[in-house]
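These notes concern the structure reproduced below.
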Amino acid sequence: MFQPTGLIEEYQKLNPGEARLSGIREAIRQADLAQDKSYMLYFRYAYADECRKDESDSFLFHLYLIFPELLAIYEENPGIKLPGSSHEAATDAVMEIFSEMVCCADFFYQIPIGDMEKYLEKYKGFCQMHGYPLFDYHTASARLYRQTDDKGRAMQHVRDFKALCRAYHCRDSYCLDFIGEMACWYDDLETLQKSTKLLEKHYPQSQKLAYEYGRLLYCYAVRRQDTGQAAPYYRLLKQICRQYRMHSPYFSDTIVYLVKTDLNSAWSFFKKEAPHEVLGTIPLYKMEFSIGAEIMMRSLLKQGKETVRLSLPGSQPWQREDGRYQTKELAEYFGREARDISDKFDVRNGNTNCRKEYGMFLGAVEGCI
């Protein structure tokens, strides 16, 4: 007999991550056998929610595997409600996961541009049908066309996003952060600085400031190779990460700045952040970490440090039980990793932007590596 409440109790006792996801998969299987549409939807929502809540982001890609099933059940059963919430239709739950999915799609080279465009149009239609604003549609679309080198369409979505903000009288930290993100990508330093000042003025306690400071660090340390101008943003980024006990969201950019200004601090930063970074499975983040790791190892090698000691979690193919590594081997490994992922993104995007970005990071530390 199908006993959904018992299944929920069972998987909630399991450790977050693979163990709990396995328990939810079993719940999905039993709901499918019972053809209980409400619980077929409920357990798929629970699975997707667990994927996105995982702190290591190891299961985020699973969203793209489970969501088509979740959406199909919803569309085939108009008016379906989630169990335990008799007054609430399932629309909000579907919308929640749909928004997460379109906003994270550009993290994965495995998702073709054509598939991203189809999902975005479907998402737009879903929002319009159910009365949701199109904020995430415009941000995700702008990021998509930014990657494909279609600046005209990307900036049109930025303009549409700003118009939507005005229509809803909305200028929160999320809005300012997105405007700063796009300004950074197109090297619009004036707009980036303006969005940062507005964030500082209206949302001085927002963690979003970490991203604004990181973008300014990138613009100066990497793009302009000006460590003097980068210095205050490095300090502000460090301060806000300490304040909120968060890992630096700008690992490679910080490595570039520190390698050029204080190699000992660069190595200390690397040893502090690498145990977190090395566990990441999202391709975009792995690429960024690998670039910084290669720069770190090459800079140590240039200073004559042929071996390093590192204590790192996980089971990467290059890891050793004794924690002793040949610096050259690590530099070569991370360099291959960075180039391989960059190439896969470039194939997906139809350009060579990621490889150019990789070259720009290495060029920023020329003389140090």
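These numbers come from the heavy atoms of this one structure, side chains and all, not from hydrogens, waters or symmetry mates.
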**OP:** Carefully, step by step, assess Lys197 and Glu200 under the rule salt bridge (Lys or Arg N to Asp or Glu O under 4.0 Å).
**Re:** CA-CA 5 Å; Lys197 288 176 181 176; Glu200 289 174 330; over 6 Å; no
**OP:** For a side-chain contact (heavy atoms from CB on, under 4.5 Å) with Lys286, tell me which candidate from Val278, Ile291, Ile341 qualifies.
**Re:** Ile341
**OP:** Give me the one residue out of Tyr45, Tyr64, Phe67 that meets ring pair (Phe, Tyr, Trp, His ring centres under 6.0 Å) with Phe98.
**Re:** Phe67
Subject >> Result of checking Tyr213, Phe251, Phe269, Tyr234 against Tyr257 for ring pair (Phe, Tyr, Trp, His ring centres under 6.0 Å) >> reply: Tyr234
How close do [X] and [Y] get, counting heavy atoms only, and between which atoms?
{"X": "Tyr244", "Y": "Ser206", "result": "OH-N, 4.1 Å"}
{"X": "Leu237", "Y": "Gly214", "result": "CD2-CA, 4.1 Å"}
{"X": "Ala364", "Y": "Lys260", "result": "O-NZ, 3.0 Å"}
{"X": "Tyr218", "Y": "Cys184", "result": "CD2-SG, 3.6 Å"}
{"X": "Gln319", "Y": "Pro313", "result": "NE2-O, 3.1 Å"}
{"X": "Ile255", "Y": "Gly292", "result": "CG2-O, 3.5 Å"}

Original post:
Can you pull the salt bridge (charged side-chain N to carboxylate O under 4.0 Å, His left out) pairs that have at least one residue in residues 20-47, sequence neighbours excluded?
Top reply: Glu18-Arg25, Arg20-Glu50, Glu26-Arg29, Asp32-Arg44, Arg44-Glu69
Subject >> salt bridge (charged side-chain N to carboxylate O under 4.0 Å, His left out) contacts touching residues 340-351 (sequence neighbours left out) >> reply: Asp340-Lys344, Asp343-Arg355
Original post:
Can you tell me if OH on Tyr333 sees more than 12 non-hydrogen neighbours from other groups inside 6.0 Å?
Top reply: yes
Judged by atom type as modelled, is there a donor-acceptor pair below 3.5 Å linking the side chain of [X] to the main-chain atoms of [Y]?
{"X": "Thr307", "Y": "Tyr325", "value": "no"}
{"X": "Asp172", "Y": "Tyr174", "value": "yes"}
{"X": "Thr327", "Y": "Lys305", "value": "yes"}
{"X": "Asp136", "Y": "Glu100", "value": "no"}
{"X": "Ser299", "Y": "Cys368", "value": "no"}
{"X": "Asn349", "Y": "Phe345", "value": "yes"}
{"X": "Asn77", "Y": "Ile80", "value": "no"}

Subject >> Lys208: side chain to side chain donor-acceptor pair (under 3.5 Å) partners, not counting sequence neighbours >> reply: none
What distance do [X] atom [atom1] and [Y] atom [atom2] have between them, rounded to the nearest 0.5 Å?
{"X": "Leu144", "Y": "Thr139", "atom1": "CG", "atom2": "OG1", "answer": "11.5 Å"}
{"X": "Phe270", "Y": "Trp267", "atom1": "CZ", "atom2": "CH2", "answer": "5.5 Å"}
{"X": "Cys354", "Y": "Leu284", "atom1": "SG", "atom2": "CG", "answer": "7.5 Å"}
{"X": "Gln207", "Y": "Met246", "atom1": "CD", "atom2": "CE", "answer": "5.5 Å"}
{"X": "Leu120", "Y": "Ser141", "atom1": "CG", "atom2": "OG", "answer": "4.0 Å"}

Original post:
Could you walk me through whether Trp185 and Lys151 pass the side chain to side chain contact (heavy atoms under 4.5 Å, CB included) check?
Top reply: CA-CA 10 Å; Trp185 180 258; Lys151 185 177 180 179; over 6 Å; no
Please work out which of the three classes, parallel, tilted or perpendicular, describes the rings of [Y] and [X], given edges at 30° and 60°.
{"X": "His62", "Y": "Phe59", "answer": "perpendicular"}
{"X": "Tyr220", "Y": "Tyr233", "answer": "parallel"}
{"X": "Phe108", "Y": "Phe61", "answer": "tilted"}
{"X": "Phe161", "Y": "Phe135", "answer": "perpendicular"}
{"X": "Trp318", "Y": "Phe334", "answer": "perpendicular"}
{"X": "His138", "Y": "His157", "answer": "tilted"}

Subject >> Chi angles and distances behind the side-chain hydrogen bond (donor to acceptor under 3.5 Å, both in side chains) call for Tyr137, Gln128 >> reply: CA-CA 11 Å; Tyr137 168 72; Gln128 292 173 329; over 6 Å; no
Side-chain contact, heavy-atom cut-off 4.5 Å: [X] with [Y]?
{"X": "Glu329", "Y": "Arg320", "result": "yes"}
{"X": "Gln326", "Y": "Glu332", "result": "no"}
{"X": "Ile295", "Y": "Ser252", "result": "no"}
{"X": "Lys122", "Y": "Leu71", "result": "yes"}
{"X": "Glu288", "Y": "Tyr285", "result": "yes"}
{"X": "Leu14", "Y": "Glu10", "result": "no"}
{"X": "Tyr47", "Y": "Leu70", "result": "no"}
{"X": "Phe178", "Y": "Val158", "result": "yes"}

Treat each ILVMFWY residue as a node, draw an edge where side-chain heavy atoms are under 4.5 Å apart, and state whether [X] and [Y] are in one component.
{"X": "Phe2", "Y": "Leu41", "answer": "yes"}
{"X": "Leu301", "Y": "Val256", "answer": "no"}
{"X": "Leu189", "Y": "Met360", "answer": "yes"}

Subject >> Ring-ring centroid check Tyr39 Tyr42, cutoff 6.0 Å >> reply: yes
**OP:** Evaluate side chain to side chain contact (heavy atoms under 4.5 Å, CB included) for Cys219 paired with Leu192, printing each intermediate quantity in order.
**Re:** CA-CA 10 Å; Cys219 284; Leu192 176 55; 3.8 Å; yes
**OP:** Verify side chain to side chain contact (heavy atoms under 4.5 Å, CB included) between Val94 and His130, making sure each step is shown before the conclusion.
**Re:** CA-CA 11 Å; Val94 176; His130 298 288; over 6 Å; no
Do [X] and [Y] have a side chain donor and acceptor closer than 3.5 Å?
{"X": "Glu366", "Y": "Gln225", "value": "no"}
{"X": "Asp160", "Y": "Gln156", "value": "yes"}
{"X": "Ser99", "Y": "Tyr123", "value": "yes"}
{"X": "Ser195", "Y": "Glu212", "value": "yes"}

Subject >> Step-by-step side chain to side chain contact (heavy atoms under 4.5 Å, CB included) determination, Glu357 to Met287 >> reply: CA-CA 11 Å; Glu357 190 82 357; Met287 177 182 72; over 6 Å; no
